[in-house]
There are 2 protein chains.
Amino acid sequence: MPRVTVYSTQNCPYCRMVKAFLDKYDVDYMAIDVGTDREQAKKMVEISGQYGVPVIVVDDEVIVGFDAQRLNELFGSAKPGDIYDVLIVGAGPGGLTAGVYCSRKMLKTVIISENIGGQALESWAIENYMGYRMVSGEDLMHRFEEQVREEHISLELDRVASIRKEGEIFLAETATGATYSAKTVILTQGKRPRKLGVEGEERYLGRGLSTCSTCDGPLFRDKVVAVVGGGNSALQTAIEMSKIAKTVYLIVRSTIKADEAYITRYREQKNIITYENHTISSLQGNAMLNGITIKDRDSGKETVIALDGVFAEVGWIPNTDFLEGFLMLNEMKEIVIDINCNTSFPGVFAAGDVTNIRTKQIITAAGEGAKAALEAYAYLTK
Amino acid sequence: MPRVTVYSTQNCPYCRMVKAFLDKYDVDYMAIDVGTDREQAKKMVEISGQYGVPVIVVDDEVIVGFDAQRLNELFGSAKPGDIYDVLIVGAGPGGLTAGVYCSRKMLKTVIISENIGGQALESWAIENYMGYRMVSGEDLMHRFEEQVREEHISLELDRVASIRKEGEIFLAETATGATYSAKTVILTQGKRPRKLGVEGEERYLGRGLSTCSTCDGPLFRDKVVAVVGGGNSALQTAIEMSKIAKTVYLIVRSTIKADEAYITRYREQKNIITYENHTISSLQGNAMLNGITIKDRDSGKETVIALDGVFAEVGWIPNTDFLEGFLMLNEMKEIVIDINCNTSFPGVFAAGDVTNIRTKQIITAAGEGAKAALEAYAYLTK
């Protein structure tokens, strides 16, 4: 067996998924919490050149992030497929709810997803999921996952790369080369973070630039950070980071557009410095990001800010690249559905943030997941 | 102050609402639990001629059930309305979720409903509300209600009898004669139990015939009862009543059509006697129901069953009578909505079981409530 070390922080959902993956395949590993152990945190940065978790070291190989494909190659075992009744793509609120509903209808179900919890994992605190006054995205998704684990559902950590139909059967090929067969498909693979659109962005990702503040936030204790964006998630990240970091710059392209509840709390924080009507014009640094230049969109005046980290909260793009030409997408590349979650392709259903429903909320994604499952059931039994 | 006595059982949501109503208007009352006190249970039946809770005695007047109109006449105070941003009709999962979302958007919101919790109150056990492995409808709706109570929302126990628009303002008149004004309306008033369609039905309601087994079930300990229906709620009621009553007859019009999970547990109960392909042809009794005659739909053969109670679980009818001609309903009298919960009337939104969405589930109603609220917000701010 190879020697495996996992560098992680406590609140990082991707860290937990790495561990869940290794546990599933009975891989022994040493777990190091770099949120509390500053010496080991330094060591992790040295080894990986990364200021972000998780980092997995397998013998001499350093794997950055929850790289499902590489982990599958090293430890996984692709299984030749049975024919499932339902193949669910994605395991966020929509996919997990669909899974529970399918299983309760005794449908043979597989969920394929790169992570468990989807975008919901990255919420610091959810105050409007009915049934809970306050819960972290991580905790809530953990409860969803537990409900799925109680059912007879296969849960595969992998990424669906293509879908096609042959005869009566849908075939889904994954990034790791596995093929799954199913009579119906439920698409719930959500969205991914939008890029800042600044040169050097790729280079600094994990080297000071982060798209998961719940994961990487604790690494920036008493440091100076910027949050980019002006919506609910940007404000929530700014509020949370203001408790961890020394100073938080909030860089907003136009004006803040968020719920009053967030705006009130944002105003109470004394260490948030806000630049509205500004964009990032460049990133500075060597091995690590150490500064940004921002630009006033009216005057063109530039300001240089020295800092240690940048959290991008500038929106999301639907994960539908592999569906182009297969079914109907709207101009925002979201899957077009009807009120009962049918897509334009019979036997294919969709739920959650990946669809053209305007409301992007956990409770709505879950409600749509239930719809999609019951529609798939009706489709299979008619 | 009048002398008020409330006869109730522990799990009965309508009993709790009576108490909440009286508490709201600072009315002193004596509460008697007839689920545990058999002597008082007898007395309640004598006074009211009723085998169902709640029963409220106000001086010499006996009020049967949570009669919001009569209670409002006796104790309430209709308020001349401010103009609300949003008027929500109904306080089930959809209405309560919409309320929380509206309030978080700082919209001035009123919820008008005859009860708090809607049909969800009447579920014995909910196993598929994500976030909870198992919860009673009563408990879950109590948590929803608590979230609403934390927000600045007016919650009025009343029934909307009509809606019209004058200029830019919607006017809703209630059963108690109050008028509320609002800029937008969210309709979430759900459905009501379908009748059995047997002669004498009205006469026996509360006298052996019940449409709320979670309320009245405990009154039938060690007795013989029938459950009418063949869907999930009929099976769930039969399973629960089999633990309370001596014998449970399950009368199914055609065949059982329920989730496998319920069917499995139903099969494990030894004291359920099932008649498929049978309907009730008559009800027998004097002051109280004491028997039913059922009829084989093929042979026409009739069977007489002596029993103490009948629980009707034969489906639901949308509460849309007052909306005929105001907006578009489908052939089942459900409100027609688009994927974002817009109705055919601009500024009027709808969510939950009252709409033409096929899936009638708590999580779906809640998800749609969030949609309706955010659409109302968008409508108001554009």
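FYI, side chains are in, hydrogens and waters are out, and symmetry mates aren't considered; it's all heavy atoms of this structure. Labels below follow one simple rule: chain letters A, B, ... track the order of the sequence lines, proteins then strands, and each chain is numbered from 1.
B:Met134 CE: more than 12 foreign heavy atoms inside a 6.0 Å radius. Remark: A:Arg253 CZ is loosely packed, at most 12 non-hydrogen atoms of other residues, nucleotides or ligands lying under 6.0 Å away.
If you measure heavy-atom distances from B:Asp139 to chain A, you find no contacts under 4.5 Å at all. For a residue to count as touching a neighbouring chain, one of its non-hydrogen atoms must lie under 4.5 Å from one of that chain's; by this rule B:Met106 touches chain A with the side chain only. Proximity to chain B is absent for every atom of A:Tyr377, based on heavy atoms less than 4.5 angstrom apart. Both the backbone and the side chain of A:Ile357 come within less than 4.5 Å of a heavy atom of chain B. Looking at B:Glu260, the atoms closer than 4.5 Å to chain A (heavy atoms on both sides) sit in the backbone and in the side chain alike. Proximity to chain B involves both the backbone and the side chain of A:Asn128, based on heavy atoms less than 4.5 angstrom apart. At a 4.5 Å heavy-atom cutoff, the contact between A:Tyr262 and chain B is made by side-chain atoms alone.
The distance from atom CD of A:Glu368 to atom CD of B:Glu368, rounded to the nearest 0.5 Å, is 5.5 Å. Separation of atoms CD1 (B:Ile363) and OH (A:Tyr101) is listed at 6.5 Å; rounding is to 0.5 Å.
By the 30° and 60° cut-offs, the orientation of the rings of A:Tyr129 relative to B:Tyr129 is tilted.
Comparing B:Ile362, B:Val100, B:Thr97, B:Asn356 by how many heavy-atom pairs each has under 4.5 Å with chain A, the most go to B:Thr97. Your options are B:Ala261, B:Gly131, B:Gly369, and the one with the most heavy-atom pairs under 4.5 Å with chain A is B:Gly131. For the set B:Glu375, B:Lys360, B:Met141, the entry with the most heavy-atom pairs within less than 4.5 Å of chain A is B:Glu375. The greatest number of non-hydrogen atom pairs below 4.5 Å with chain B, out of A:Gln147, A:Lys105, A:Arg143, A:His142, is found for A:Gln147.
Here the closest non-hydrogen pair linking A:Ile339 and B:Ile337 is CG2-O, 3.5 Å. Considering all non-hydrogen atoms of both residues, B:Asn340 and A:Arg358 come closest at OD1-N, 2.9 Å. The minimum heavy-atom distance linking B:Ala370 with A:Thr364 is given by the pair CB-OG1, 3.6 Å.
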Residue pair B:Tyr132, A:Tyr132: steps toward the ring pair (Phe, Tyr, Trp, His ring centres under 6.0 Å) verdict: CA-CA 10 Å; B:Tyr132 290 91; A:Tyr132 289 91; 5.2 Å; yes
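In this structure, A:Leu374 and B:Gln361 have side chains that are in contact, with non-hydrogen atoms separated by less than 4.5 Å.
In terms of the side-chain contact (heavy atoms from CB on, under 4.5 Å) criterion, residue partners of B:Ala98 (sequence neighbours excluded) are, by chain and number, B:Ile88, B:Ile186, B:Ala373.
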